[in-house]
Protein chains: 2
Amino acid sequence: MNKSRKITLSEVASAAGVSPITVSRALRDPAKVSPEARARIDEAIRELGYVPNPAARALASGRTDVVGVIIPSVSNNVFGDVTRGIYDALEGSALSVQMGNTRYSPVIEEKLIRVFLSQRPAGLIVAGHDQSPAARAALESAECPVVQLMEVGPAPIDMAVGLSHYDASWAGAAHLLEQGYRAPAFLGAQMDPRSQRRLQAFRDCLAGAGIGIDDPVVTTPEPSSVSLGCRLFADLLSRSPGTDAVLCNNDDIALGVLFEARRRNLRVPQDLGICGFNDLEMMAAAEPAVSSVATDRLEMGRAAIGLIRDRLAGRGQPRGHALDLGFRLMARASTRRGG
Amino acid sequence: MNKSRKITLSEVASAAGVSPITVSRALRDPAKVSPEARARIDEAIRELGYVPNPAARALASGRTDVVGVIIPSVSNNVFGDVTRGIYDALEGSALSVQMGNTRYSPVIEEKLIRVFLSQRPAGLIVAGHDQSPAARAALESAECPVVQLMEVGPAPIDMAVGLSHYDASWAGAAHLLEQGYRAPAFLGAQMDPRSQRRLQAFRDCLAGAGIGIDDPVVTTPEPSSVSLGCRLFADLLSRSPGTDAVLCNNDDIALGVLFEARRRNLRVPQDLGICGFNDLEMMAAAEPAVSSVATDRLEMGRAAIGLIRDRLAGRGQPRGHALDLGFRLMARASTRRGG
DNA sequence: GATACTGATGACAGCGCTGTCATGCGTCAA
DNA sequence: TTGACGCATGACAGCGCTGTCATCAGTATC
């Protein structure tokens with residue numbers, strides 16, 4: 001294995017006694033090369049330690065094997081799971097990912113989409129469906145498969161995988177009411193468009209049930225965390241002391257509420273019902289176990305890559321395909337008051 | 001903004017009335033181009049919506065602006081923080097990252113290192129310092145800056161950022177003993193080399209203190225999670241009922257222990273001391289707050305990129321430079337027994 | 001026996017950019 | 001005035017690979 005100098009495809013070709021183009025084909029589409037030639041080429045590749053140069057390939061073919069993934073945050077637990085699903089599904093393919101981090105800014109998102117598209121990616125995954133008009137236009141004229149992730153909405157640009165955050169949040173709110181809670185509140189951090197829709201569902205659900213208390217909602221644009229959950233809950237109690245349940249925008253917040261409730265000797269679920277969102281692994285392990293609206297984030301990532309791979313393989317879904325992964329209300333001890 | 005066809009550097013050049021090479025220089029090293037030419041070029045770039053083609057650049061120059069990051073897991077909380085630090089520090093630079101996921105396999109790690117290096121990256125970040133001899137050799141002859149992340153050890157291949165996991169774990173164990181716990185146990189998941197060293201420190205510390213109980217250690221190669229913490233702790237209690245404290249390999253586990261202890265009506269810290277590792281944000285928010293050995297994972301990622309950027313800018317650290325970020329024992333209520 | 005077709009392989013050019021060397025011009029010391 | 005030097009710019013070639021055609025057996029069809 002010669003490591004000091006770059007081995008090129010031509011060197012492999014002469015070692016195998018074929019022309020460079022045949023080696024290229026053996027790599028890209030083995031079926032087009034005779035088994036004997038293939039065997040000699042494979043042997044030469046192994047012997048020389050040849051690794052293809054992706055830059056040269058991209059330049060010559062005008063395509064890359066890179067899937068762009070544009071998400072608001074690399075640190076958020078939720079996107080961490082999605083990312084894992086993406087890497088999972090990439091296993092065994094020649095594709096790689098290029099992450100872009102919008103930091104929840106539509107301007108950065110638009111710029112990233114433009115830059116990624118200019119590199120002729122094999123596919124593009126973007127979080128949400130709230131792109132700016134210009135970004136949307138760019139995605140519509142993209143020559144690669146595009147998947148909008150996290151959320152299914154009215155009109156996918158190309159394909160979409162996710163769930164209805166409105167419906168999911170509604171289910172959480174309805175669950176609290178069913179359990180007999182009469183003064184539920186909403187706690188939200190990182191109020192991105194999906195969180196806004198979740199809040200809207202909460203408000204609509206309460207209004208629909210004729211619960212007319214004055215908007216027991218505490219939100220913040222800060223990124224979500226457990227300690228933020230503690231603070232938001234403390235804030236809520238000082239504003240709306242009569243609160244008997246909280247629907248949390250996500251599980252970090254819910255866990256913070258659980259801890260803060262314990263600190264204040266509030267009994268969960270008797271004095272306070274808690275419902276989270278996403279159903280992170282720890283919610284079921286908590287004491288008491290915390291109810292949450294489960295979303296399958298791993299599967300979201302996997303499915304997104306699956307759609308792209310299928311499309312690249314020519315057997316993909318048509319434009320406009322939306323895959324609704326749904327949600328599941330995980331009713332646990334933290335809301336089991338009986339009602 | 002013409003979006004349908006790719007704008008090339010030559011088109012920008014003719015629009016600006018200069019030669020292509022001048023545009024190239026204006027992009028790569030603006031100081032080498034006269035201010036007037038630069039202004040006209042910038043104008044043309046904006047007007048045409050030009051975006052450079054990284055593949056062509058990589059092919060022509062033999063370099064890329066990609067930093068390879070090879071980590072065991074994309075989902076693990078710890079690496080999530082490190083990754084965030086990396087993205088943080090990349091902000092405002094032309095560099096991008098390419099993630100590689102070893103899934104804790106030295107074989108995959110070696111392969112990834114080889115593949116990444118063959119693409120002439122701008123830099124390479126690898127987790128830990130337990131590379132296989134072949135991988136180590138490949139890294140040693142790499143032409144780019146290499147940073148070993150997470151851990152500082154005897155002989156960095158090039159540069160290293162991290163901490164001594166042995167020392168950090170020792171501090172946790174010693175803290176439990178100082179607080180008067182006499183039968184501490186160790187709970188570990190995902191027993192990678194760093195975890196092994198943490199376990200070793202625990203054993204050595206207990207032995208040093210003359211505590212000769214028979215190895216109260218429960219470990220598993222499974223990935224760590226809160227519910228796994230519950231199970232490991234249940235397991236531990238059935239094996240070593242006399243346990244009065246646990247040092248956890250990481251915070252997920254510690255949180256699981258906290259929940260499981262509550263489920264069993266064990267009082268924390270009186271009946272049971274709990275100390276985690278890493279000090280995830282939620283530990284301080286828990287009730288009772290959980291002690292942990294804090295590591296600055298964000299800074300680790302940031303510093304790694306910082307070292308690479310400095311080196312690329314020609315003002316970097318010499319080979320062999322190791323940056324020890326240390327650790328801090330966060331003594332909280334979960335171990336505050338007084339002793 | 002001539003034509004059409006299939007399958008394996010090759011020749012050639014060029015993807016968009018940058019490294020290297022060359023050029024032309026103005027400035028300064030001798 | 002001359003030569004040396006620095007600065008901005010340009011010409012040329014080529015990075016490693018693949019798309020597009022062309023070629024050439026070998027087989028099938030009438």
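If you're wondering where the values come from, they're calculated on a predicted model, not measured in any experiment. Proteins come first, then strands; the chains are lettered A, B, ... in the order of their sequence lines, and each starts at number 1.
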Colleague: Can you tell me how far C1' of D:dT9 sits from CG of B:Asp29, to the nearest Å?
Modeller: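 That distance rounds to 14 Å.
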
Colleague: Please determine whether a side-chain nitrogen or oxygen atom of B:Thr22 lies at a distance below 4.0 Å from atom OP1 or OP2 of D:dT9.
Modeller: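 No, because none of the side-chain N or O atoms of B:Thr22 sits under 4.0 Å from OP1 or OP2 of D:dT9.
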
Colleague: Using a cut-off of strictly less than 4.0 Å, decide whether A:Ser24 has a side-chain nitrogen or oxygen near OP1 or OP2 of D:dC17.
Modeller: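 So the side chain of A:Ser24 is outside the cut-off, no N or O lying under 4.0 Å from OP1 or OP2 of D:dC17.
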
Colleague: Side chain of A:Tyr50 only, please: which of C:dG10, C:dC15, D:dC17 is the nearest?
Modeller: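 My answer, after comparing the listed nucleotides, is D:dC17.
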
Colleague: Please state how far atom CG in A:Asn53 lies from atom P in C:dC17, giving the value in whole angstrom units.
Modeller: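 That distance rounds to 16 Å.
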
Colleague: The side chain of A:Arg57 lies closest to which of these nucleotides: C:dC17, D:dT9, D:dT18?
Modeller: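 The answer is D:dT18, which lies nearest to the side chain.
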
Colleague: Between B:Ser105 and B:Thr102, do the side chains contain an N or O donor and an N or O acceptor separated by less than 3.5 Å?
Modeller: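 Result is no, nothing qualifies.
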
Colleague: How long is the line joining CG of A:Leu59 and C1' of D:dG19, in whole Å?
Modeller: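 Distance check: A:Leu59 CG to D:dG19 C1' gives 13 Å.
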
Colleague: Ignoring the backbone of B:Ser61, work out which of D:dG10, C:dT18, D:dG16 is nearest its side chain.
Modeller: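 The listed nucleotide nearest to B:Ser61's side chain is C:dT18.
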
Colleague: If you check the A:Ala56 side chain, which of C:dG10, D:dT9, D:dC17 turns out closest?
Modeller: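 Nearest to the side chain of A:Ala56 among the choices is D:dC17.
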
Colleague: Looking at A:Thr8, does any N or O in its side chain come under 4.0 Å of the phosphate oxygens OP1/OP2 on D:dG16?
Modeller: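 For A:Thr8, the contact criterion (side-chain N or O under 4.0 Å from OP1 or OP2 of D:dG16) is not met.
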
Colleague: Rounded to the nearest angstrom, tell me the gap between atom CZ in B:Arg120 and atom P in D:dG16.
Modeller: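 About 8 Å, once rounded to whole Å.
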
Colleague: Using a 4.0 Å heavy-atom cut-off across all strands, classify B:Pro52 as base, sugar-phosphate, or nothing.
Modeller: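 Touches sugar-phosphate only.
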
Colleague: Does a nitrogen or oxygen in the side chain of A:Ser19 sit under 4.0 Å from OP1 or OP2 of C:dA11?
Modeller: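 A:Ser19 to C:dA11 OP1/OP2: no side-chain N or O under 4.0 Å.
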
Colleague: What does B:Ala37 touch in the nucleic acid at a heavy-atom separation under 4.0 angstrom: a base, only the sugar-phosphate, or nothing?
Modeller: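 Since only primed, P, OP1 and OP2 atoms lie under 4.0 Å of B:Ala37, the category is sugar-phosphate.
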
Colleague: Using whole Å, what does the distance between atom P of nucleotide C:dT9 and atom CD of A:Glu36 come to?
Modeller: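 Distance check: A:Glu36 CD to C:dT9 P gives 8 Å.
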
Colleague: Only one of B:Asp88, B:Asp81, B:Asp296 passes salt bridge (Lys or Arg N to Asp or Glu O under 4.0 Å) with B:Arg302; say which it is.
Modeller: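 When B:Asp88, B:Asp81, B:Asp296 are each tested with B:Arg302, the salt bridge (Lys or Arg N to Asp or Glu O under 4.0 Å) holds only for B:Asp88.
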
Colleague: Side chain of B:Arg25: nearest nucleotide among D:dT9, D:dC15, C:dT18?
Modeller: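 Taking heavy atoms from C-beta onward, the closest nucleotide is D:dT9.
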
Colleague: Evaluate side-chain contact (heavy atoms from CB on, under 4.5 Å) for B:Gln131 paired with B:Glu109, printing each intermediate quantity in order.
Modeller: CA-CA 8 Å; B:Gln131 287 76 32; B:Glu109 179 175 53; 3.6 Å; yes

Colleague: May I have the step-by-step check of side-chain contact (heavy atoms from CB on, under 4.5 Å) for A:Met99 and B:Thr83, ending in yes or no?
Modeller: CA-CA 11 Å; A:Met99 285 285 179; B:Thr83 304; over 6 Å; no

Colleague: Using modelled atom types only, decide if a donor and an acceptor are shared between the side chain of B:Arg28 and the backbone of B:Val23 within a distance under 3.5 Å.
Modeller: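 No, because the side chain of B:Arg28 does not come within donor-acceptor range (under 3.5 Å) of the backbone of B:Val23.
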
Colleague: Would the distance check show the side chain of A:Arg114 and the main-chain N or O of A:Ala138 forming a donor-acceptor pair, the cut-off being under 3.5 Å?
Modeller: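 Absent.
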
Colleague: When all nucleic acid strands are considered with a 4.0 Å heavy-atom cut-off, which category describes A:Arg63: base, sugar-phosphate, or nothing?
Modeller: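 Since only primed, P, OP1 and OP2 atoms lie under 4.0 Å of A:Arg63, the category is sugar-phosphate.
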
Colleague: Among the candidates D:dA11, D:dC17, D:dG16, find the nucleotide nearest to the side-chain atoms of B:Ile21.
Modeller: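 Looking only at side-chain atoms, B:Ile21 lies closest to D:dA11.
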
Colleague: Over how many whole Å does the gap from B:Arg38 atom CZ to D:dT9 atom C1' extend?
Modeller: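 After rounding, the reported distance stands at 14 Å.
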
Colleague: Find the distance B:Ile41:CD1 to C:dC17:C1' and express it as a whole number of Å.
Modeller: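 So the CD1-C1' distance, B:Ile41 to C:dC17, works out to 15 Å.
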
Colleague: Of all the choices, C:dT18, C:dG14, C:dG10, which nucleotide is nearest to the side chain of A:Ala60 once you look at every atom?
Modeller: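 Selected nucleotide (nearest to the side chain): C:dG14.
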
Colleague: Could you tell me the separation between the CD1 atom of A:Ile7 and the P atom of D:dC17, rounded to a whole number of Å?
Modeller: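 Roughly 10 Å, once rounded to whole Å.
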
